[in-house]
Amino acid sequence: MGCGKIGLLVIWVSSVLCLACCSGSQDDYLIDCGSTTNTSVAGRVFLADTSSYLSTPEKLLANTATKSDSSSDDLPLYQTARIFTGTSKYTFSVGSNRRYWIRLYFFPFVYDTYNMSTANFSVSTQNHVLISNFSPKAGSAMKEFSENVTSDTLVITFAPSSNSFAFLNALEVVSVPNELISDDAITITPSGKFKGLVTQALETVARVNMGGPTVTSENDTLWRTWLPDQNFLVENNLATNVSKIGAVIYAKGGPTKLIAPASVYGTATKMNSDANPQYNFNVTWEFDVDPGFQYLVRYHFCDIVSISLNQLYFNVYLDSYLVYEELDLSTLAFNILGAPYYLDVVTGTRVGSKLRVSIGPSSIHTEYPDAILNGLEIMKMNSSMGSLSGSVIVSNPSSKKNVAVVIGASVGVFAALILAGVFFLVYRRRRKLARQGHSKTWMAFSTNGGNSHTMGSKYSNGTIASAGSNFGYRIPFLAVQEATNNFDESWVIGIGGFGKVYKGTLNDGTKVAVKRGNPRSQQGLAEFQTEIEMLSQFRHRHLVSLIGYCDEKNEMILIYEYMENGTVKSHLYGSGLPSLDWKERLEICIGAARGLHYLHTGYAKAVIHRDVKSANILLDENLMAKVADFGLSKTGPEIDQTHVSTAVKGSFGYLDPEYFRRQQLTEKSDVYSFGVVLFEVLCARPVIDPTLPREMVNLAEWAMKWQKRGQLEQIIDPNLVGKIRPDSLRKFGETAEKCLSDFGVDRPSMGDILWNLEYALQLQEAVLVGDPEENSTNLIGELAPQVNNFNHADTSVSAAQFEVSSVDDLSGISMSREG
């Protein structure tokens, strides 16, 4: 081979090695936006912005301004920028099913007529919103995101807000090693395991080197920057620093330098024992976060303070939650002093704007009381709607309650106490009367059964059922046998989580539905008791009436009024029954809303159903709706409380994500489920259908996307196409959308929902005088659209995490025949 060819080969190899060193991967991209030449920064080469990746190139700009100081803003990357006056896209070829960092560099300066500090814009990828309504402030800023890319291209879109523009100084698209993000983490609300981190888009909120100086990107294998922790410490005098970088040993099978460099694991912040010899304190750091999002918090540990194994035990906290008790790094880090270890924790959805991380001494192992933290990373997780964008305003129910209490106190505490006493006495009186003559903890029935639909209009305000035959006694087992032809299998009309349901006829000719408990069912005595207790306390024409019960011979049997037309679900899909018209569907929703409104407001304390779904709304021979199946119901909070803390129960697809996240139950959990039912009634499809394309599997998520676009008519039941007045559909969609607000405080009450559904019915039936479009949207200000994200992921968690009835649960047909 000639010398010339050898020389060319050497140059070519050197170029390849240089590119590999600079980018780390063939599908990594470093771009100096707006620059006409390559730019070298800390040994990495940012390529000239040739517009080859930009689908709609705009004006190429160079910063010619002269700066008065030599701050870090003078980095070459911040000398130029690309300005986008319209929506523009960078498109990169990448490896599919890989995670990539997206690093965006911003430094606003004035060029020509563009003052970049006034820019306002959004940045998104195919699947996630990274930034929205972003206005960079003075000084430089780098925003770092990571996303799992499932296709072979990554598209980054810059969209200026109305009458504004967007800009960017530099851009990185860098592959993330697979080991950096595992799929599992600890959760604290509720306590357990989080799965699915790999699919999450993340935004780096904080990356901190405890006890050490700034670790710059050129000193980190993956070009990350780690800030010192002093500015985040709550009480600096309680902490002290230690540095032993040489003591770090990356053990086989443990974290590598890719997780964090030795300059992070080799420094630590620990308890300053001299500040408090009693060791009765924690070291705490505080960080600013956006409310309305979950966060991945990664704790980095490395025992560089102990002189022997099993010497250091301490506790780890996140806010007020104990994340790890008696953390023993010796055991967790392969019995090697100086071996790194990290711990991933996923928070619940944040209400406040502060996140606190703490470490403190063990209460058991006190021979060497101490606690350390070497590093910390906090990453925002995308919302259920795929957004990492901005702050979400989160109302704190407890704070609102406190304000109300203070105001109430100023105008009459004494009157409020009197009223509370009256409610309590009425409640006790009713419970006492219900228990009279009953030997067990369940109450006997002194209420009237019969066919409540015979009384008045479907939508009258009456809450007392018809005074038919009085079944105010425990029904003998022999009578139940006779009514069901000795539980004839041919008389079975449904099978639910509680057991089989039989059609029956009592000796006076009354048709009934008999729900016979299965001794092996997970829904046992507690649900049996709850159903009796709840339905014996109230009667309403839109609640299925409980006629009696039987608890002889170790049986748990409930006897209800029979509902001729089965479940709402059976009339929507899957059973072949005739389709309901729009007016019938609206009337059914109104009836169900009336029943739920009575549950929430018609008694001394609210009753929360907890399992609102189309299978639990039944129809009589006149298609009047009645809410059924109260086995999971629970009484609401006391007067001085905002919620009931309880284990999560419900049905997939209908479950309130806020209730799941916080385990705090309110009436608004029923409202969320009812919102799902509204979309189910409109679209006539299952709420969860795994056979559909991914974006359509979850009905609530799918319908919300179309509602937000203002194109809800595109997904309605084909049987309704052309048969719904646009203004009626608009009001119905607005109501369902409001019900699905992510936070309960933003959802309407059942009374408000009822009002709006009745209005939607009026809009469907009557020709309004004037502009129908205006009338349909402006008459009710309190229910104007306000879209809030809801956590789709929360509705798809495993059944092992909480008690949840199956998607195919037919317990809702327990008082009816299946069509």
Side-chain angles (χ1 to χ4, degrees), residues 27 29-36 46-63 77-78 80-94 100-137 141-173 201 203 382-383 385-392 695 704-711 714 785 787 789:
D27 56 2
Y29 302 88
L30 310 178
I31 299 176
D32 185 2
C33 298
S35 176
T36 57
F46 283 73
L47 301 179
D49 189 3
T50 61
S51 303
S52 58
Y53 304 110
L54 193 60
S55 60
T56 53
E58 295 291 340
K59 191 174 182 181
L60 196 65
L61 300 181
N63 179 11
L77 292 180
Y78 294 126
T80 60
R82 180 174 284 281
I83 288 180
F84 311 102
T85 56
T87 299
S88 303
K89 299 179 180 180
Y90 279 101
T91 303
F92 303 101
S93 296
V94 295
Y100 285 84
W101 269 311
I102 301 171
R103 292 170 177 149
L104 308 175
Y105 293 80
F106 301 101
F107 175 61
F109 57 85
V110 177
Y111 179 85
D112 196 14
T113 59
Y114 296 99
N115 181 352
M116 297 181 198
S117 63
T118 66
N120 188 283
F121 55 94
S122 299
V123 183
S124 61
T125 63
Q126 298 101 308
N127 299 316
H128 298 96
V129 176
L130 306 182
I131 306 171
S132 65
N133 297 318
F134 178 57
S135 292
K137 304 302 180 184
M142 190 274 283
K143 286 186 170 291
E144 179 184 271
F145 308 89
S146 72
E147 177 175 339
N148 190 52
V149 182
T150 55
S151 65
D152 57 1
T153 59
L154 173 64
V155 180
I156 304 175
T157 301
F158 291 78
S161 301
S162 179
N163 299 319
S164 189
F165 61 94
F167 77 93
L168 183 66
N169 298 87
L171 170 66
E172 291 186 48
V173 175
E203 177 184 357
N382 66 259
S383 69
M385 303 299 286
S387 177
L388 284 165
S389 169
S391 299
V392 178
E695 69 275 8
M704 282 285 281
K705 288 181 179 178
W706 286 97
Q707 168 64 18
K708 288 174 63 178
R709 295 173 187 169
Q711 298 177 323
Q714 299 292 325
V787 179
N789 299 334

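Checked against the 6.0 Å centroid threshold, Phe165 and Phe121 do not count as a close aromatic pair. Taking the ring centroids of Tyr53 and Tyr90, they lie at or beyond the 6.0 Å cut-off.
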- [ ] May I have the step-by-step check of side chain to side chain contact (heavy atoms under 4.5 Å, CB included) for Ile102 and Glu144, ending in yes or no?
- [x] CA-CA 6 Å; Ile102 301 171; Glu144 179 184 271; over 6 Å; no

Open item on the list: Please evaluate residues Leu47 and Leu30 with respect to the criterion side chain to side chain contact (heavy atoms under 4.5 Å, CB included), reporting the C-alpha separation (whole Å), side-chain torsions for both, the decisive distance (0.1 Å), and the verdict.
Closed with: CA-CA 6 Å; Leu47 301 179; Leu30 310 178; 5.8 Å; no

Open item on the list: Let's go through Asn382 and Glu147 carefully: what are the C-alpha distance in whole Å and the side-chain angles of both, what is the deciding distance for side chain to side chain contact (heavy atoms under 4.5 Å, CB included) to 0.1 Å, and is it a yes or a no?
Closed with: CA-CA 10 Å; Asn382 66 259; Glu147 177 175 339; over 6 Å; no

TODO: Test side chain to side chain contact (heavy atoms under 4.5 Å, CB included) on Tyr105 and Glu172 and set out the steps.
DONE: CA-CA 9 Å; Tyr105 293 80; Glu172 291 186 48; 2.4 Å; yes

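Side-chain contact of Asn120 with Ser164: a donor-acceptor pair under 3.5 Å is absent, judged by distance alone. A donor-acceptor pair shorter than 3.5 Å cannot be found between the side chains of Thr125 and Asn127. Residues Thr80 and Asp32 have side chains that bring a donor and an acceptor to within less than 3.5 angstrom of each other. Checking Asp49 against Ser35 by side-chain atom types alone, no donor-acceptor pair falls below 3.5 Å.
Ser124 approaches Val129 most closely through the heavy-atom pair CB-CA, 4.0 Å. The nearest pair of heavy atoms linking Pro108 to Ser117 is CB-N, 3.5 Å. Residue Val94 comes nearest to Ser151 through the heavy atom pair CG2-O, 4.0 Å, listed as atom of the first residue, atom of the second, then distance. Closest approach of Glu203 to Leu388, counting heavy atoms only: OE1-O, 3.5 Å. Of all the heavy atoms in Phe46 and Leu171, the pair that sits closest is CE2-O, 4.1 Å. Of all heavy-atom pairs spanning Gln126 and Thr153, the tightest one is NE2-O, 2.8 Å.
Using a 4.5 Å heavy-atom threshold, the side chains of Leu54 and Ser88 count as touching. Two residues are said to be in side-chain contact when any heavy atoms from C-beta on lie closer than 4.5 Å; Thr118 and Ser135 fail this criterion. Side-chain contact between Gln714 and Arg709 is absent, with no heavy atoms from C-beta onward closer than 4.5 Å. Contact check for Leu154 versus Val173: side-chain heavy atoms found under the 4.5 Å cut-off. Residues Asn169 and Leu77 fail the side-chain proximity criterion, which asks for heavy atoms closer than 4.5 Å.
Of the listed residues (Ile156, Leu104, Ile31), just one forms a side-chain contact (heavy atoms from CB on, under 4.5 Å) with Leu168, and that residue is Leu104. Here the rule is ring pair (Phe, Tyr, Trp, His ring centres under 6.0 Å) with Phe158, and of Phe84, Phe167, Phe106 only Phe84 fits it.
Side-chain atoms of Tyr111 never come within 3.5 Å of backbone atoms of Ile83 as a donor-acceptor pair (strictly under, hydrogens ignored).
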